[in-house]
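Below: the structure, in structure tokens.
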Amino acid sequence: MSPEFAGNEPAVAALDWGTTRLRAWLIDGSGNVLAERRGDDGLITAREKGFSNVLEGHLAAMGAPDALPVIICGMAGSRQGWIEAPYVTVPAPIGAILGGAARVADQKRDIRIVPGLAQRLADAPDVMRGEETQLAGAGLPAKGRHLACMPGTHSKWVLVEDGAVAGFGTWPTGELFSVLSAHSILKHSLGEHPAPVTGDSPFFRQWCERALGEGGDVTSKLFAIRAAGLLQDLKSEDAAACLSGLLIGGEIASAKRRYGAGDAPVVLIVSGALALLYQAALDLAGLAVRTVDADEAVRAGLIEAARENGMIGAAK
């Protein structure tokens with residue numbers, strides 16, 4: 001028994017392995033966290049250093065046993081990743097998605113990667129990787145219709161019915177903000193380094209309400225941010241709030257139009273500054289919200305995936 005774990009041995013290592021970042025935990029048989037590491041060696045770095053080398057370096061730093069099994073979610077399972085964990089086509093039960101983790105061959109340990117999801121509709125093709133594991137750890141009720149919002153560079157809205165993913169959509173809101181602020185006429189309005197935006201900013205709220213009020217029509221409003229700087233002395237920090245409110249409001253209006261409001265609260269799975277922005281925007285849209293921390297959700301989802309793949313026992 002390793003002394004560093006004070007009498008409680010790890011049963012599995014769990015990793016959320018994204019494009020630029022990696023988070024790793026050692027988990028005991030009851031699902032408790034024994035150790036944690038975070039690093040900048042996501043998929044991009046791991047492709048150069050070798051996925052096995054990066055993984056073993058993190059596990060060694062946490063004192064993981066040589067034979068400890070590993071469960072992974074995220075971009076490590078993409079076509080450009082360690083191995084491609086094939087997409088599961090929706091609709092699909094969440095448990096079945098987790099249980100279909102792909103095994104990495106020719107390794108000294110049992111290493112498995114959770115598959116992503118594919119929506120193969122002719123008029124709405126879509127994919128996700130990593131968010132399916134957050135969804136599994138979000139504590140959604142087993143019965144009923146539930147809508148989850150997962151903000152980020154590529155925000156996901158996911159419809160879950162009776163424990164199965166029925167469908168989902170992607171709104172590249174974060175990417176649009178980045179591209180527009182750096183590579184469009186709006187870069188002159190927001191400045192070289194756009195100011196942080198808060199949910200209580202009157203500019204964020206006003207421009208969010210504008211997008212919501214017009215059903216998500218944001219393209220006709222984008223140039224108005226530039227014009228407001230020229231004609232109304234709109235400051236750069238306020239211009240950033242305008243753009244953020246406009247894009248987030250447009251995303252919510254569009255998703256609301258696609259999926260409807262429903263009876264249950266929107267499950268907002270998010271961490272960091274985006275939590276307050278989306279909470280404020282959803283309130284403005286008149287939607288009830290239940291917020292789940294995204295970091296906690298992905299860890300809980302990985303633990304559930306470890307159970308579904310027989311790496312640790314069922315929850316007591």
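Note: hydrogens, waters and symmetry copies are ignored here, and every other heavy atom, side chains too, is used. Residues: numbered from 1 along the sequence shown.
Sorted by first and then second residue, the ring-ring contact (aromatic ring centres under 6.0 Å, His included) pairs involving residues 8-29 (not counting sequence neighbours) are Trp17-Phe51. Screening residues 166-188 for salt bridge (charged side-chain N to carboxylate O under 4.0 Å, His left out) gives no qualifying pairs among residues at least two apart or on separate chains. Pairs of residues two or more places apart, or lying in two chains, never qualify as side-chain hydrogen bond (donor to acceptor under 3.5 Å, both in side chains) while including a residue from residues 139-148. Applying the salt bridge (charged side-chain N to carboxylate O under 4.0 Å, His left out) test to every pair with at least one member in residues 44-68, sequence neighbours left out, gives these pairs: Glu56-Lys108, Glu56-Arg109. Residues in residues 245-259 take part in no salt bridge (charged side-chain N to carboxylate O under 4.0 Å, His left out) pair, two or more places apart or across chains. For residues 216-228, every residue pair satisfying the side-chain hydrogen bond (donor to acceptor under 3.5 Å, both in side chains) rule, not counting sequence neighbours, is listed here: Glu214-Lys221, Asp217-Ser220. Within the structure, no pair that satisfies the side-chain hydrogen bond (donor to acceptor under 3.5 Å, both in side chains) test touches residues 129-142, not counting sequence neighbours. The list of salt bridge (charged side-chain N to carboxylate O under 4.0 Å, His left out) pairs with a residue in residues 80-92, not counting sequence neighbours, reads Arg79-Glu84.
Across all their heavy atoms, Ile113 and Gly77 have their closest contact at CG2-CA, 3.6 Å. Closest approach of Glu9 and Pro65 over heavy atoms only: OE1-CG, 4.4 Å. The heavy-atom pair separating Ala281 from Ile248 by the smallest distance is CB-CG2, 3.6 Å. Nearest heavy atom pair, residue Ala239 against residue Leu190, reads CB-CD1, 3.9 Å. Listed here is the closest heavy atom pair of Ala138 and Val292: O-CG2, 3.8 Å. The two residues Ala102 and Pro86 make their nearest non-hydrogen contact at CB-CD, 4.5 Å.
Contact check for Ile71 versus Ile27: no side-chain heavy atoms found under the 4.5 Å cut-off. Leu176 is not listed as a side-chain neighbour of Val218, based on a closest heavy-atom distance of 4.5 Å or more. No side-chain heavy atom of Val70 sits under 4.5 Å from any side-chain heavy atom of Arg112. Residues Leu243 and Leu222 are in side-chain contact: their nearest non-hydrogen atoms beyond the backbone lie under 4.5 Å apart. At a threshold of 4.5 Å between non-hydrogen side-chain atoms, the residues Leu98 and Val114 count as touching. Between Trp157 and Ile252, some side-chain heavy-atom pair lies under the 4.5 Å cut-off.
Note that CG of Leu15 is 8.0 Å distant from NE2 of His58, once rounded to the nearest 0.5 Å. From Leu282, atom CG reaches atom SG of Cys208 across 8.5 Å, with rounding to the nearest 0.5 Å. Between the CH2 atom in Trp207 and the CG atom in Asp238 there is a gap of 11.0 Å [rounded to 0.5 Å]. To the nearest 0.5 Å, the span separating SG on Cys73 from CD1 on Ile97 amounts to 13.0 Å. Taken to the nearest 0.5 Å, the CG atom of Leu135 stands 5.5 Å off from the CE atom of Met150. Atom CG of Asp263 sits about 12.0 Å away from atom CG of Leu147, to the nearest 0.5 Å.
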For residues 265-277, dump all side-chain donor-acceptor pairs below 3.5 Å to protein atoms at least two apart in sequence or in another chain.
| unit_1 | atom_1 | unit_2 | atom_2 | d |
| --- | --- | --- | --- | --- |
| Ser271 | OG | Asp293 | OD1 | 3.4 |
| Ser271 | OG | Ala294 | N | 3.1 |
| Ser271 | OG | Asp295 | N | 3.2 |

Scan the side chains in residues 160-172 for donor-acceptor partners under 3.5 Å anywhere in the protein, sequence neighbours excluded, and list what turns up.
| unit_1 | atom_1 | unit_2 | atom_2 | d |
| --- | --- | --- | --- | --- |
| Asp162 | OD1 | Gly144 | N | 2.8 |
| Thr170 | OG1 | Asp126 | OD1 | 2.7 |
| Thr170 | OG1 | Asp126 | OD2 | 3.1 |
| Thr170 | OG1 | Lys156 | NZ | 2.6 |
| Trp171 | NE1 | Ser254 | OG | 3.0 |

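The cluster map of Ile, Leu, Val, Met, Phe, Trp and Tyr, joined by side-chain heavy atoms under 4.5 Å apart, puts Tyr278 and Leu140 in different clusters. In this structure, Met62 is not a member of the same hydrophobic cluster as Ile303, with clusters built from ILVMFWY side-chain heavy atoms closer than 4.5 Å. Val33 and Val12 fall within a single hydrophobic cluster, where Ile, Leu, Val, Met, Phe, Trp and Tyr side chains are chained together by heavy-atom contacts under 4.5 Å. Under the 4.5 Å side-chain heavy-atom criterion for ILVMFWY residues, a single connected hydrophobic cluster contains both Leu68 and Ile111. Val197 and Leu246 end up in different hydrophobic clusters when Ile, Leu, Val, Met, Phe, Trp and Tyr side chains are linked at under 4.5 Å.
Here Ser181 pairs with nothing under the side-chain hydrogen bond (donor to acceptor under 3.5 Å, both in side chains) rule; sequence neighbours left out. In this structure Asp200 satisfies the side-chain hydrogen bond (donor to acceptor under 3.5 Å, both in side chains) test together with Thr198, sequence neighbours excluded.
A donor-acceptor pair under 3.5 Å links the side-chain atoms of Asp28 to the main chain of Ser30, judged by distance alone. Of the possible polar contacts, none joining the Thr45 side chain to the Asp41 backbone as a donor-acceptor pair under 3.5 Å is found. Put simply, the side chain of Gln119 gets close to the backbone of Ala124: a donor and an acceptor are under 3.5 Å apart.
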- Derivation and outcome, side chain to side chain contact (heavy atoms under 4.5 Å, CB included), residues Val158 and Met128: CA-CA 10 Å; Val158 187; Met128 70 164 70; 3.7 Å; yes

- Message: Between Arg120 and Tyr87, does the side chain to side chain contact (heavy atoms under 4.5 Å, CB included) criterion hold? Intermediate values first, please.
- Response: CA-CA 10 Å; Arg120 302 184 188 275; Tyr87 289 115; 4.0 Å; yes

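Glu296 and Arg299 are not joined by a salt bridge, as no carboxylate oxygen comes within less than 4.0 angstrom of a charged side-chain nitrogen.
Partner of Trp82 under the side chain to side chain contact (heavy atoms under 4.5 Å, CB included) criterion, chosen from Val104, Val54, Leu43: Val104.
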